[in-house]
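Only heavy atoms go into these numbers, but all of them, side chains included; no hydrogens, no water, no symmetry mates. Remember, predicted model here, so these are calculated numbers, not experimental data. Here, residue 1 is the first one in the sequence, and each next residue gets the next number.
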Amino acid sequence: MNEDERARLLLVPTGPGLSAHRRRQLRGHLMSEFARGPVTTPRRIRLGWVALPALAGGLALSLVLIGGQPRQGSDSSRPVAAVVLDRAAKAAEWAPAPAARGDQFVYVKSLDEWAKSEGEAPQTREVWKSVDGSKRNLLLVDGHLPNPGGGDEHGEPEPAPYSGFGSYAYVAALPTDPDALLAKIQADTAGHGPGPDEEAFRTIGDLLREQIAPPAVSAALYRAAAKIPGVTVIDEVTDSAGRPGVAVARRDGGGHVESQWIFDRADYTFLGERVVALTDGATFRKGDITAQMAVLARAVVDQPGTRP
């Protein structure tokens with residue numbers, strides 16, 4: 001049995017939606033799949049729509065680890081990061097989330113410290129994003145408009161060709177094949193950022209933070225990220241809400257900072273993101289967290305300003 005096979009994670013949902021007998025059936029099915037050897041795309045039992053990063057409605061996951069937690073060891077970190085992202089993909093496939101109408105909004109609440117290196121205190125950030133990208137978005141920081149009167153996320157919709165980019169409708173229409181999805185994101189962001197790989201990693205991270213998507217797209221986003229060169233794993237991290245996790249990370253092109261996506265160590269749901277300095281700078285030292293955020297809640301609502 002090779003390292004990837006030992007590291008394979010089998011996910012079996014628990015909670016009020018499934019009986020103990022049904023959970024045993026699913027676990028047996030998944031164990032049979034593992035016994036038959038590696039699979040490229042896991043067989044999926046659909047449970048409707050799911051949130052990209054977060055479990056909703058009290059659904060828990062029973063994790064069966066083959067060979068223990070991912071570890072660096074003497075092996076390349078790239079395959080281990082791919083295993084973490086595959087586990088996150090499987091968690092996303094099981095998590096329920098509502099379908100969204102074009103006239104609705106995706107609501108995300110987070111605890112942010114995006115200017116941590118400048119001594120900024122943590123802020124509660126709430127954003128309402130138009131599902132189809134056609135309506136005004138709304139952004140509140142600590143319950144207030146950060147720039148009353150317009151601009152940025154509470155201003156008018158962006159003009160073509162970027163209207164709707166990053167919206168729920170955009171994400172829901174992404175390919176479910178990881179290779180095709182990565183190619184589309186790189187094509188859609190061509191000419192932006194320092195390079196196609198770094199910009200793709202940033203874009204996927206943006207979608208993980210502030211969107212909801214169908215389960216197949218959710219899983220494909222994680223697996224597409226695993227194909228980006230330079231993605232590594234960090235065994236122990238903590239998000240800005242104090243929750244422990246495991247992270248996948250990628251350095252920027254200049255080697256000055258590293259972006260880290262944080263996942264719950266137990267169920268591999270997305271917790272948040274942080275940026276860590278890799279070199280000494282004017283306002284931070286090597287190893288300092290320069291910015292971070294933690295997702296606290298997400299939902300689909302009817303109007304901007306409405307909370308679930």
Side-chain angles (χ1 to χ4, degrees), residues 7 52-54 69-89 91-92 110-120 122-123 125 166 178 182 185-186 189 192-211 221-265 268-295:
L52 270 173
Q69 290 288 330
R71 50 188 170 80
Q72 292 284 100
S74 59
D75 298 331
S76 166
S77 61
R78 177 73 193 286
V80 180
V83 168
V84 171
L85 287 165
D86 188 60
R87 293 177 179 181
S110 60
L111 182 65
D112 288 20
E113 292 181 87
W114 285 119
K116 183 177 175 64
S117 61
E118 300 174 8
E120 182 181 280
Q123 297 175 314
R125 180 178 184 273
L182 183 58
I185 286 180
Q186 290 179 330
T189 58
H192 297 272
D197 290 333
E198 187 168 339
E199 189 62 21
F201 190 80
R202 290 179 179 179
T203 299
I204 293 174
D206 291 343
L207 298 178
L208 293 177
R209 285 195 305 273
E210 294 190 349
Q211 273 305 336
L221 279 164
Y222 287 115
R223 293 180 176 126
K227 296 178 178 292
I228 299 174
V231 180
T232 60
V233 68
I234 301 171
D235 291 332
E236 295 184 5
V237 296
T238 303
D239 73 3
S240 59
R243 300 173 296 189
V246 59
V248 294
R250 191 178 190 280
R251 298 185 174 197
D252 72 338
H256 300 299
V257 296
E258 180 178 74
S259 296
Q260 302 174 358
W261 302 344
I262 305 173
F263 299 91
D264 187 280
R265 293 190 66 84
Y268 289 86
T269 54
F270 183 88
L271 296 180
E273 182 177 352
R274 69 181 191 177
V275 180
V276 177
L278 300 177
T279 59
D280 292 340
T283 58
F284 51 81
R285 309 294 292 176
K286 180 179 179 181
D288 286 349
I289 299 172
T290 66
Q292 60 181 340
M293 63 82 66
V295 175

**Asked** Between the side chain of Asp239 and the main-chain N/O of Ala241, is any donor-acceptor distance below 3.5 Å?
**Response** yes

Exercise. Output, in order, the C-alpha distance, side-chain angles, deciding distance and verdict of side-chain contact (heavy atoms from CB on, under 4.5 Å) for Arg251 and Val257.
Key: CA-CA 6 Å; Arg251 298 185 174 197; Val257 296; over 6 Å; no

Quiz item: Can you find a pair of side-chain heavy atoms, one from Thr279 and one from Lys286, that are under 4.5 Å apart?
Solution: no

- [ ] Would you check if the side chain of Ser240 reaches a backbone N or O of Leu111 as a donor-acceptor pair within less than 3.5 Å?
- [x] yes

Correct closest heavy-atom pair for Gly245 and Ile262 would be CA-CG2, 4.1 Å

In terms of heavy-atom contacts, Arg243 and Val295 come closest through NH2-O, 3.0 Å

Hits for side-chain hydrogen bond (donor to acceptor under 3.5 Å, both in side chains) against Glu273, two or more places apart or cross-chain, chain-then-number order -> Arg209

Worksheet item: Stepwise, does the side-chain contact (heavy atoms from CB on, under 4.5 Å) test hold for Leu221 with Ile185?
Response: CA-CA 10 Å; Leu221 279 164; Ile185 286 180; 4.1 Å; yes

query = Do Arg274 and Glu113 have side-chain heavy atoms sitting under 4.5 Å apart?
reply = no

Heavy-atom distance under 4.5 Å between the side chains of Leu278 and His256, does that happen here? no

>> Any non-hydrogen side-chain atom of Glu198 less than 4.5 Å from a side-chain atom of Asp252?
In response: yes

>> Any heavy-atom pair between the side chains of Val246 and Asp264 that's under 4.5 Å?
In response: no

Open item on the list: If you apply the rule side-chain contact (heavy atoms from CB on, under 4.5 Å), what do you find for Val231 with Leu85, and how did you get there?
Closed with: CA-CA 10 Å; Val231 180; Leu85 287 165; 4.3 Å; yes

Shortest non-hydrogen pair, Gly230 vs Arg250, comes out as O-CG, 3.8 Å

When you compare the side chain of Glu258 with that of Val275, does any pair of heavy atoms fall below 4.5 Å? no

In this structure, CZ of Arg285 is separated from OG1 of Thr290 (nearest 0.5 Å) by 14.5 Å

Practice problem: Would you mind reporting whether Asp86 and Arg223 have side-chain heavy atoms less than 4.5 Å apart? | Solution: yes

**4.5 Å side-chain heavy-atom contact, Ser110 and Met293** = yes

Between Lys227 and Pro178 the two heavy atoms that sit nearest each other are CE-CB, 3.7 Å

| task | Without swapping roles, check the side chain of Asp197 against the backbone of Pro229 for a donor-acceptor pair under 3.5 Å. | result | no

Note to self: Can you confirm whether Arg202 is buried at CZ, in the sense that more than 12 heavy atoms of other residues, nucleotides or ligands lie under 6.0 Å from that atom?
What the structure shows: yes

Phe263 meets the ring-ring contact (aromatic ring centres under 6.0 Å, His included) criterion, sequence neighbours left out, with Tyr222, Phe270

Here the pair of heavy atoms bringing Leu271 nearest to Pro244 is CD1-O, 3.7 Å

So CG of Asp206 and CD1 of Ile204: to nearest 0.5 Å the spacing works out to 10.0 Å

